[in-house]
Undergrad: 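Quick one: the structure is below, questions incoming.
In this chain, numbering begins with 1 at the start of the sequence shown.
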Amino acid sequence: MPLSAARTRALPRVPSPLFPGEDTEPAVVDAIDAARRIPGFGTDVEATLAWARDATRDTGAATASVDTVWQLLASTAALDVAAGRVLEPHVDAQRILAEAWDDGIAPDLRPLDVDTTSTWGVFAAEGPGVRLTASRTAIGWTLTGTKPWCSLAAHLTHALVTAWIGEDNRGLFAIALRSPEVHVHDGPWHARGLPRIVSAPIDLAAAPAVPVGDAGWYLARPGFATGGMGVAATWWGGATGILHALTDAAATDRADQLARVHLGRADAALWTARTTLADATARSSEGDAIDRAILAARVRTIVADAAETVLHTADHALGPAPLVADDAHARRVADLHLYLRQHHAERDLARLGRDLIARDADSQDGGRAW
């Protein structure tokens, strides 16, 4: 991973290609160049959303190769972590809808007033004490209940949401967030990282909805694992911006050997994550659901660990000064720290262990062949 000579207060350049030996897609470079010209990119939510909508269209991200999409996500987060957080769910939603069409599912979104100006989220989280239930009526499907952790719901026009069909099955549905049957909460949201990317509940009262696939399709499709790893590519991009600060510190006349140790540790961690992501592009649609879940869990764990190593190393290497005197650095650190909490740490590792045991139990050779 080439090291940038840019100063920490300068916007980081587009990172070198995510995958060794490949050139960054020209459409990705153009999208990032356009982002640089937007005042308040990453902090002005409406302007960033408009850019995300156009960048997704101009790069063909809905149907582009996995490496192109991850280049776009990583490059955006390298520029601004919050902007990457805005872009990722919109891209994910577009790719989910494209995958549905490829699978012969043709959801009719016209009743939801979807058009080229629509901006999308994906709301699939569950929470204690709340439930979103889908009901089939004489005039179509409706959703009733509460959905937690709906990022940017107050700013988006549409979303793909999971809802319970009966007691045991979940389906995916498209909804219009500006429908009168949808109430968007403005909190609680006291976050110091990603303060403008509000993730609050929404309440639905028989809100019209369009099913996207049968019950279980959303979780079973190959793209589910790919989408989860796309989040990891965004984390990786966000962490590269902190590497720039470590490079700057190690390059000063006052830098000692320890500053170079910190830089080397962070670079090695991010290189490991980068090569993991590169390898995953060729494997993301291979195997059955358990194989894909294992791959996604491994990738997300490795990238999250690398990003946390960079955050920890930067604290030790740089001390408090940039956290209180450099707005861009302080914001990046806070944003990335919160964003990484989409990785559930030891709980995700336990799930990985469970899937490994299940795969071994189903494999005739024990699943342990090299």
Side-chain angles (χ1 to χ4, degrees), residues 1-21 23-24 28-29 32-33 35-43 71 73-85 192-195 232-278 302-340:
M1 183 185 307
L3 300 177
S4 170
R7 304 264 67 86
T8 57
R9 284 186 173 80
L11 285 175
R13 59 181 172 78
V14 178
S16 59
L18 180 58
F19 310 116
D23 294 329
T24 305
V28 172
V29 175
I32 299 301
D33 285 345
R36 292 177 181 280
R37 296 191 292 270
I38 297 175
F41 184 67
T43 57
Q71 282 182 12
L73 294 173
S75 298
T76 302
L79 197 60
D80 186 275
V81 174
R85 180 67 182 84
R192 298 303 181 262
L194 302 173
T234 315
W235 295 337
W236 180 86
T240 63
I242 299 173
L243 186 67
H244 299 322
L246 292 169
T247 304
D248 295 340
T252 64
D253 293 338
R254 295 185 302 153
D256 58 11
Q257 189 76 351
L258 192 56
R260 297 180 180 91
V261 169
H262 290 312
L263 174 60
R265 177 179 291 115
D267 179 80
L270 287 181
W271 182 263
T272 300
R274 175 182 178 174
T275 54
T276 297
L277 286 163
I302 289 168
V303 175
D305 284 352
E308 289 186 336
T309 293
V310 172
L311 287 168
H312 180 76
T313 301
D315 282 346
H316 285 221
L318 305 176
L323 294 174
V324 300
D326 187 330
D327 178 67
H329 177 82
R331 186 160 62 87
R332 178 179 295 274
V333 167
D335 288 350
L336 184 60
H337 183 81
L338 181 57
Y339 196 2
L340 285 169

Undergrad: State the CD1-NE2 distance between Ile242 and His244, to the nearest 0.5 angstrom.
TA: 10.5 Å
Undergrad: I need the minimum non-hydrogen distance between Leu79 and Phe41, along with the two atoms involved.
TA: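 That would be CD2-CE2, 3.7 Å.
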Undergrad: Distance check, rounded to the nearest 0.5 Å: Thr76 atom OG1 versus Ile32 atom CD1?
TA: 3.5 Å
Undergrad: Under 4.0 Å between a side-chain nitrogen and a carboxylate oxygen: does that hold for Asp80 and Arg332?
TA: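 Here Asp80 does not pair with Arg332 in a salt bridge, since their nearest N and O are not under 4.0 Å apart.
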Undergrad: I'd like to check the side-chain contact (heavy atoms from CB on, under 4.5 Å) partners of His312; sequence neighbours left out, ordered by chain and number.
TA: His316
Undergrad: With sequence neighbours excluded, tell me which residues meet side-chain hydrogen bond (donor to acceptor under 3.5 Å, both in side chains) with Arg265.
TA: none
Undergrad: Below 4.5 Å, heavy atoms only, C-beta onward: do Asp335 and Tyr339 meet side chain to side chain?
TA: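 In short, these two side chains do not touch, never coming nearer than 4.5 Å.
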Undergrad: Taking all non-hydrogen atoms of both residues, which atom of Leu336 and which atom of Val81 are closest, and how far apart?
TA: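 Shortest heavy-atom separation between Leu336 and Val81 comes out as N-CG1, 3.9 Å.
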Undergrad: Considering residues at least two apart in sequence or located in another chain, which fulfil the side-chain contact (heavy atoms from CB on, under 4.5 Å) criterion with Ala250?
TA: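 For Ala250 the side-chain contact (heavy atoms from CB on, under 4.5 Å) partners, ignoring immediate neighbours, are Ala259, Arg260, Leu263.
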Undergrad: Just to verify, what does Arg254 make a side-chain contact (heavy atoms from CB on, under 4.5 Å) with, not counting sequence neighbours?
TA: Thr252
Undergrad: Working to the nearest 0.5 angstrom, can you tell me the gap between Leu318 CG and His262 NE2?
TA: 8.5 Å
Undergrad: Applying side-chain contact (heavy atoms from CB on, under 4.5 Å), can you list everything that pairs with Ala77, at least two apart in sequence or on another chain?
TA: Thr234
Undergrad: Which atom pairs, one a donor and one an acceptor, fall under 3.5 Å between side chains of residues 302-310 and the rest of the protein, sequence neighbours left out?
TA:
unit_1	atom_1	unit_2	atom_2	d
Glu308	OE2	Arg341	NH1	3.2
Glu308	OE2	Arg341	NH2	3.2
Thr309	OG1	Asp305	O	2.9

Undergrad: Looking only at heavy atoms, which two atoms of Ala314 and Leu246 are closest? And how far apart?
TA: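 It is CA-CD2, 3.9 Å.
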Undergrad: When rounded to the nearest 0.5 angstrom, what is the spacing between OG1 in Thr247 and CG in Leu243?
TA: 4.5 Å
